[in-house]
Amino acid sequence: MAEGCMMALRYGMVFFNLLFWLGGCGILGVGIWLSVTQGNFATLSSSLPSLSAANLLITVGTIIMVIGCLGCVGAVKESRPLLLTFFILLLLIFFLEILCIMLFFIYQDEIDQHAQRDLKKGLQLFGTEGNVGLTNAWMIVQTDFRCCGVTNHTDWFEVYNASRVPDSCCLEYSDNCGLDNPGTWWTAPCYERVKDWLSENLVALWIFALCTALTQILGLVFSMTMFCQAVKVETFYA
């Protein structure tokens, strides 16, 4: 009976971590593709230039692959050290996620103010050498969200020292359209537009968060149950 339970746990653990590892491979692959084809894509922050979509995906994908590999090897070999390491790492990540969510809601106003200041500072790097990622990111955001600037289109006036905006702010794109009449520009603030988009997709975000949490909890339960079973088997045969 004990051997049957152990076998079922092993297969369940291997299957779970194989999916975990494959997911990490996919995320890592997308991150590498973005890094190679787009450079520092989606880098909007001037104080955190390495905080790009590519770098985030590469980091997250690597962490998931390492943890998934630990779980797989630990399950196949029934290695207590590996199973315990997998459990501790997954538990640590789970608690860090909860802590980040709590801090976000507690300091939401302060985070908003800091983010807006940092994004406005980053506008000064738009179109400059070595900041292709930031430039591309702002062009995509303003085009897709039909907005201009962080809080309003006048944020760009300080960048250009003139009453003009990037061409991606135009209602109808054309070369040097940012020099035309302000009536031809988007006036909605990008920061608020992105926040509104997140609010509209809040249900999907919470579903994703709950699925992620459930996956992590299952991994914790599988690994600890298998660890305890391995200890019992070893004690029985000792």
Side-chain angles (χ1 to χ4, degrees), residues 23 26-62 100 104 108 111-209:
I27 294 172
L28 178 62
V30 172
I32 293 173
W33 175 78
L34 277 178
S35 180
V36 171
T37 59
Q38 302 291 336
N40 289 324
F41 178 80
T43 305
L44 294 175
S45 173
S46 60
S47 61
L48 295 171
S50 60
L51 188 63
S52 64
N55 290 342
L56 282 174
L57 289 174
I58 289 172
T59 302
V60 171
T62 302
C100 288
F104 174 78
Q108 189 169 2
I111 292 172
D112 271 347
Q113 293 172 9
H114 175 75
Q116 289 182 47
R117 285 197 302 269
D118 191 52
L119 289 170
K120 285 184 179 180
K121 185 178 177 182
L123 294 182
Q124 301 293 333
L125 303 176
F126 183 87
T128 58
E129 186 177 353
N131 291 288
V132 177
L134 183 143
T135 302
N136 288 342
W138 270 114
M139 290 175 66
I140 292 170
V141 167
Q142 292 185 144
T143 301
D144 290 352
F145 286 92
R146 299 181 177 184
C147 58
C148 191
V150 180
T151 54
N152 57 60
H153 66 281
T154 59
D155 293 336
W156 290 107
F157 294 177
E158 298 178 15
V159 177
Y160 291 108
N161 292 319
S163 299
R164 66 162 297 184
V165 296
D167 294 342
S168 55
C169 280
C170 298
L171 299 174
E172 294 184 8
Y173 181 86
S174 62
D175 290 337
N176 297 318
C177 61
L179 293 169
D180 296 337
N181 192 302
T184 63
W185 307 335
W186 300 114
T187 56
C190 288
Y191 193 82
E192 291 301 323
R193 274 293 176 90
V194 173
K195 282 187 67 176
D196 290 343
W197 179 83
L198 290 172
S199 298
E200 291 170 2
N201 293 275
L202 198 58
V203 174
L205 290 172
W206 275 115
I207 290 174
F208 174 78

Counting only heavy atoms not in F157, do more than 12 sit closer than 6.0 Å to its CZ atom? yes

Applying the side-chain contact (heavy atoms from CB on, under 4.5 Å) test to Y191, which of T151, L119, N152, D196 qualifies? L119

Tell me whether C148 and C190 have SG atoms closer together than 2.5 Å. no

Gamma sulfurs of C170 and C177 within less than 2.5 Å: yes

On a heavy-atom basis, which atom in [X] and which in [Y] lie closest, and how many Å separate them?
X    : Y    : result
P189 : V150 : CB-O, 3.4 Å
G149 : C169 : N-SG, 4.5 Å
D155 : L123 : CB-CD1, 3.7 Å
H153 : V165 : O-CG1, 3.7 Å

Heavy-atom side-chain proximity of W186 to L171 below 4.5 angstrom: yes

Answer whether the closest heavy-atom distance between the side chains of F126 and P166 falls below 4.5 Å. yes

Would you compute the distance between atom [atom1] of [X] and atom [atom2] of [Y] and round it to the nearest 0.5 angstrom?
X    : Y    : atom1 : atom2 : result
L202 : I207 : CG    : CD1   : 10.0 Å
I111 : H114 : CD1   : NE2   : 9.5 Å
W156 : K120 : CH2   : NZ    : 12.5 Å

Applying side chain to side chain donor-acceptor pair (under 3.5 Å), which residue pairs with at least one partner in residues 157-176 are found, sequence neighbours left out? Q142-S168

Looking at F145, is its backbone amide N or carbonyl O close enough to the side chain of R193 to form a donor-acceptor pair, meaning the two atoms are under 3.5 Å apart? yes

When you measure from the side chain of N201 to the backbone N and O of W197, does any donor-acceptor pair fall under 3.5 Å? yes

Does anything in residues 116-145 form a disulfide bond (SG atoms under 2.5 Å apart)? List the pairs, not counting sequence neighbours. none

